[in-house]
Amino acid sequence: MTHSKHVETKTIHAGKIKDAQFGALSTPIYQTSTFIFDNVQQGAARFMGEEEGFIYGRLGNPTVRELERRMAALELTEDAAAFGSGMGAVSATLLANLSQGDHIVASAALYGCTFALLNHKFPQFGIEVSFVDMTDEEAIRAAIKPNTKVIYFETPINPNLVIIDIAKITSIAKEHQLVSIVDNTFMSPALQTPAEFGIDLIIHSATKYLNGHGDVIAGITCGSKEQIENIKLTTLKDMGAVMSPNDAWLIIRGLKTLSVRVERHCSNAQKVAEFLETHPRIRCVNYPGLPSHQGFPLIGKQMQAGGGIMAFEIEGTFDDAVAFMNSLEMCSIAVSLGDAESLIQHPASMTHSPYEEEERASAGISETLVRLSVGLENIEDIICDLTQALEKMDKRIKQVS
Ligand SMILES: *Cc1c(COP(=O)(O)O)cnc(C)c1O
């Protein structure tokens, strides 16, 4: 039922757990660590999975459960699991599908902490990783080995905004019986539902667009009943990165406006990208909504619009990029994205500092690359702030030379 409704409707209603006692419109926050059993037999039946119901907060909570049900409906999957952070979701989802001696094929460019986990931590546990350019089918096929279990990527990629063709990746994954996992944080289900293209598991940093108000750290994984049950019974339960009921409530509230927020994020970002693309102090703009972008042909097919995030290179030096960012008056210098506020950050020195210099170069992250998450402010005010900061930078460049 819920799966056939439109996205705007589902963000508000899907998976609703009716408050049978009082009929509350807003989902109650079940701020409890544990749940009382009527008797020993009931407790035993719940532990055996013979009776539905809650046991203990780390194993499930009604407020969190409503969010999981809503996210599963939004991502067109059977079920979902909520986590205390996006990285909690990434690590638990990967580890539930991997053992010592297994191999992963992963995108060469990824969110910085995901890259650090794969590149630095997993090898210590005997999990091997090959990083490849996910736009290059031949390179992906060449990287697959007999012990490859998982293929992992993001689209658009953080921070260079390269678009990966999801259907191409899933067809390779199916040929080789790999579990395909995509991080859908940048698009959100308002713009992209990777399950339509055969992806097995979809991860979100719910910190970003899903919550949308910059006041929560959280993560979600969506997938089949079997996959989600496996994650919940192993790496979620035993590693314990659970979401708090308060945070679930905030995300449930944030989700109600996801579609309208994302629509404005996209239209604002489109105008900012068009403005920057013609500015003489901007070398290039990576925004999927520009016809010049590598991923533009997939708009309308894989994704509904270009999203709210772009990366651009300053025509100048590292110091010029710093001067530009420090001159902004309204846009905040901050990592994170998908909030009402426009947020700007410098990947080479911030989110992608876990990369070595050569790794950054091969992932397309230059010293003057700046990532902008376009907010919900009035578009004229955003462009005005960028304009005055670029003018200040331009003056500085002219003084130095
Ligand atoms: C922020 C982010 C993460 C990590 O999420 P947290 O909620 O910060 O743990 C993972 N992937 C992408 C693409 C992100 O932007």
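Basis for what follows: all heavy atoms, side chains included, without hydrogens, waters or symmetry-related copies.
Between the side chain of His265 and the backbone N or O of Val374 there is at least one donor-acceptor pair closer than 3.5 Å. Distance alone, capped at 3.5 Å, places no donor-acceptor pair between the Thr193 side chain and the Pro189 backbone. Side chain of Glu137 to backbone of Lys168: no donor-acceptor contact under 3.5 angstrom is found. Checked by atom type and distance alone, the side chain of Glu128 never pairs as donor or acceptor with a backbone atom of Asn147 at under 3.5 Å. Under a 3.5 Å cut-off, the side chain of Gln388 and the backbone N or O of Ser327 do form a donor-acceptor pair. Thr34 places a side-chain N or O within donor-acceptor distance of the main-chain N or O of Ile55, the cut-off being under 3.5 Å. Judged by distance alone, with hydrogens and angles left aside, the side-chain atoms of Arg46 form no donor-acceptor pair with the main-chain N or O of Glu51 at under 3.5 Å. The backbone N or O of Asn158 lies less than 3.5 Å from a partner atom in the side chain of His352, making a donor-acceptor pair. Thr257 contributes a side-chain N or O that, together with a main-chain N or O of Gly254, makes up a donor-acceptor pair within less than 3.5 Å. Between the side chain of Ser85 and the backbone N or O of Ala218, no donor-acceptor pair lies under 3.5 Å.
Side chains of Thr317 and Asp319: a donor-acceptor N/O pair is absent below 3.5 angstrom, by distance only. Side-chain contact of Thr221 with Thr93: a donor-acceptor pair under 3.5 Å is present, judged by distance alone.
In summary, of the residues considered (Val90, Val182, Val105, Val129), a side chain to side chain contact (heavy atoms under 4.5 Å, CB included) with Tyr152 occurs for Val90 alone.
Within 6.0 Å of the CZ atom in Arg281, the count of heavy atoms belonging to other residues, nucleotides or ligands exceeds 12. Other residues, nucleotides and ligands contribute at most 12 non-hydrogen atoms within 6.0 Å of the CD atom of Glu380. With a 6.0 Å radius and a threshold of 12 heavy atoms from other residues, nucleotides or ligands, Gln124 has its CD atom above the threshold.
Taking 4.5 Å as the limit, some side-chain heavy atom of Glu377 sits within range of a side-chain heavy atom of Glu341. By the 4.5 Å heavy-atom criterion applied to side chains, Arg253 and Thr27 are not counted as neighbours.
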Derivation and outcome, side chain to side chain contact (heavy atoms under 4.5 Å, CB included), residues Glu359 and Asn119
CA-CA 11 Å; Glu359 291 167 345; Asn119 194 40; 3.4 Å; yes

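With ring centers used as reference points, Tyr30 lies 6.0 Å or more from Phe35.
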For a quick test of your reading: what N or O donor-acceptor pairs under 3.5 Å do the side chains of residues 288-295 make, sequence neighbours left out?
| from | atom 1 | to | atom 2 | distance (Å) |
| --- | --- | --- | --- | --- |
| Ser292 | OG | Glu277 | OE2 | 2.8 |
| His293 | ND1 | Gly295 | N | 2.8 |
| His293 | NE2 | Leu161 | O | 3.0 |
| Gln294 | OE1 | Ile163 | N | 3.0 |
| Gln294 | NE2 | Ile163 | O | 2.6 |

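By the 4.0 Å N-to-carboxylate-O rule, Lys225 lies too far from Glu78 to be salt-bridged with it. The residues Arg65 and Asp79 are annotated as salt-bridged, a charged nitrogen and a carboxylate oxygen being separated by less than 4.0 angstrom.
The aromatic rings of Phe324 and Phe312 lie perpendicular to each other, with more than 60° between the two planes, well past the 30° mark.
Thr185 and Lys208 make their closest contact through CG2-CG, 3.4 Å (heavy atoms, listed as atom of the first residue, atom of the second, distance).
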